[in-house]
Amino acid sequence: MEKETLIQLDKRYIWHPFTQMKIWLSEDPTIFIEGKECFLKDIDGKWYIDGVSSLWVNIHGHRRKEIDEALKSQIEKLAHSTLLGACNEPSIFLAKKLAEILSQSMPWDAPITKIFYSDNGSTAVEIALKIAYQYWVNQGIKSKDTFISLKYGYHGDTIGAVSVGGIELFHELYKPLLNKSIKAPAPYCYRCELKLSYPSCQLACLAEMENIIEKNIDKAIAVIVEPIVQCAGGIIVWPEGYLKGLRELCNKYNILLIADEVATGFGRTGKMFACEHEEVTPDIICLSKGITNGYMPLAVTGVNEKIFNAFLGEIEERKTFYHGHSYTGNPLACAAAIANLEIFEKEKTIEKLAPKIEVLKNKLLEIAQLPYVGDVRQKGMIAGIEIVKDKKTKEPFPYSEQTGWKIVKAARRHGVWLRPLGDVIVIMPPLVISEENLERLLEVIKDCIIGLNYASS
Ligand code: PLP
């Protein structure tokens, strides 16, 4: 179909996510028609480096033969059956594989061994919240009705997930609809709410978290966090020791720790799971995005045996977890995930990251020197560049200027596909990106930030 017709149809029928449709309707959108390795091709034949992994999902590149084949072979057997009262092969094999990977990667506390499937990051979080709440109720503890989470946190867009979110722009409006949650200060060193600096602060934000837990212990169900990197909040990389300290607090006060690794999981931070950086095992983990390499919607909420066992009982005890989705454990999605996990093993994806992480680090050091660059943050293959109007005072550009978008649009013209988070330029390419392409990606970003400099002066 002609490009113009497709655009007309898109504008006529589609309401795009996180998009001011008035602006969308006045612009010419990009239509992608092909993907290969870390590149995307648009309908005009122009190729782009996929600098944000198609919204943080792509790990091993587009059109991976192994995943294509796994899907074709599964589709010839069974596309879907339900997990409500029945099983299917791929969901069993995947659960075994995930439980092994999770327990081997995070052996420091009770390992994650039970897998509950759903189909996106937000549902993985909803399930984690419901399981955590019911875990206490099933033991006769009914006073616990509040979650503790972090400012700048993002856990998805469904109501439960929004309740524990802490991004004003996305979450404030829905306040009247939300469940009970208390927000602790984020370990966001560049804009420390407590006006301190690391390490002399001695993690005062963690002490603040302890105050909150202690004061609310009777009603606190769990702490839910994105461990090590709060991605959607602006690629906020935590100072060393915060996660470990948080695990210790949860142990001390006997509340659950939920790790939302929807964005950080599957190698993004340089380890399979971000929790590994501080030798932490959460009680509940949420995974999605990278799990199928972007092929199929799939998510997992993993729990340890202690939690699982609290749901066992006679039917009349009402300890059952009454939750499930039509597509829970979809065989196609599970087959794609198995093939994706096999590539991790076969290609030693994570072991090969070190030189790329170094390239990213060195280039970010250069970028940090540029005017308007307030802060650069990196953990493994995730990075964020915070653009500010005034480097000294950290004053941001007015929201109405959409400075992040100006840089991103310029990068797109130069063949790099990005999407900003406000004025934070996000870098999260597929893990298999070559060092050469990674350098090119970063060069383009650098030039576009410099270009902004000229445009504004
Ligand atoms: N949790 C985290 C940490 C995320 O970054 C996201 C999405 O960006 C979600 C949950 C929600 O995932 P989904 O968009 O698949 O619902």
Side-chain angles (χ1 to χ4, degrees), residues 15-19 51-59 116-132 147 149-167 169-171 174 181 183 186-188 222-238 243 246 257-269 273-275 277 282 284-302 325 327-328 330 333 336-337 340 377 379-384 418-422 424 426-428:
W15 187 344
H16 285 261
F18 278 91
T19 301
V52 283
S53 299
S54 295
L55 215 62
W56 316 349
V57 300
N58 194 293
I59 301 282
F116 196 102
Y117 288 115
S118 60
D119 35 65
N120 61 75
S122 307
T123 52
V125 168
E126 293 290 334
I127 289 162
L129 300 177
K130 284 176 72 179
I131 287 178
F147 289 95
S149 58
L150 289 177
K151 291 183 190 163
Y152 297 98
Y154 178 81
H155 300 284
D157 298 328
T158 48
I159 291 295
V162 168
S163 302
V164 290
I167 301 178
L169 179 67
F170 303 161
H171 301 145
Y174 302 105
S181 92
K183 308 287 181 302
Y188 183 5
V223 178
I224 176 166
V225 292
E226 299 154 82
I228 306 286
V229 191
Q230 291 180 250
C231 288
I235 314 293
I236 297 166
V237 179
W238 289 1
L243 177 61
L246 183 59
L257 177 62
I258 304 172
D260 175 356
E261 292 231 26
V262 167
T264 52
F266 301 106
R268 289 275 177 218
T269 65
F273 304 107
C275 283
H277 288 282
I284 303 180
I285 194 164
C286 306
L287 300 169
S288 186
K289 290 198 183 275
I291 192 167
T292 66
N293 202 45
Y295 270 68
M296 297 288 294
L298 180 69
V300 155
T301 309
H325 300 277
Y327 286 91
T328 295
N330 173 260
N340 186 36
R377 303 184 276 272
K379 192 74 189 179
M381 290 294 282
I382 302 178
L418 298 171
R419 185 178 166 86
L421 286 163
V424 175
V426 178
I427 303 162
M428 213 187 293

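These figures come from a predicted structure and were not determined experimentally. As the structure lists them, so they are numbered: ligands from 1, and atoms in each ligand from 1.
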Side-chain donor/acceptor pairs under 3.5 Å, residues 224-231, sequence neighbours excluded:
from : atom 1 : to   : atom 2 : distance (Å)
E226 : OE1    : C231 : N      : 3.0
E226 : OE2    : Y154 : N      : 2.8
Q230 : OE1    : W238 : NE1    : 3.0
Q230 : NE2    : K151 : O      : 3.1
Q230 : NE2    : Y152 : O      : 3.4

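Residue D260 has at least one N or O atom closer than 3.5 Å to an N or O atom of ligand 1. The shortest N/O to N/O separation between G121 and ligand 1 falls below 3.5 Å. Backbone and side-chain nitrogen or oxygen atoms of N120 are examined, and one is located within less than 3.5 angstrom of a nitrogen or oxygen of ligand 1. Close N/O approach between E226 and ligand 1 is not found [any backbone or side-chain N/O within under 3.5 Å].
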Dump the intermediate steps for side-chain contact (heavy atoms from CB on, under 4.5 Å) on F273 and L287, then the final yes or no. CA-CA 10 Å; F273 304 107; L287 300 169; 3.7 Å; yes
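The nearest protein heavy atom to atom 15 (O) of ligand 1 is closer than 4.0 Å.
At a heavy-atom cutoff of 4.0 Å, ligand 1 is contacted by the side chain of K289 but not by its backbone. Of all the heavy atoms of Y154, the ones lying under 4.0 Å from any atom of ligand 1 are found in both the backbone and the side chain.
For the pair P297 and N120, the minimum side-chain heavy-atom distance is 4.5 Å or more. In this structure the side chain of V162 never reaches within 4.5 angstrom of the side chain of F170, judged on heavy atoms. With a 4.5 Å cut-off on side-chain heavy atoms, D157 and F18 count as touching.
Proximity to A263 (heavy-atom distance under 4.0 Å) selects the following atoms of ligand 1: 5 (O). For ligand 1, the atoms closer than 4.0 angstrom to any heavy atom of S122 are 11 (C), 12 (O), 13 (P), 16 (O).
For the pair S288 (side chain) and L298 (backbone), a donor-acceptor distance under 3.5 Å is present.
Scanning the protein heavy atoms around atom 9 (C) of ligand 1, the nearest turns out to be V262 CG1, 3.7 Å.
Partners of S149 according to the side chain to side chain donor-acceptor pair (under 3.5 Å) rule, which considers only residues two or more places apart in sequence or in another chain, do not exist here.
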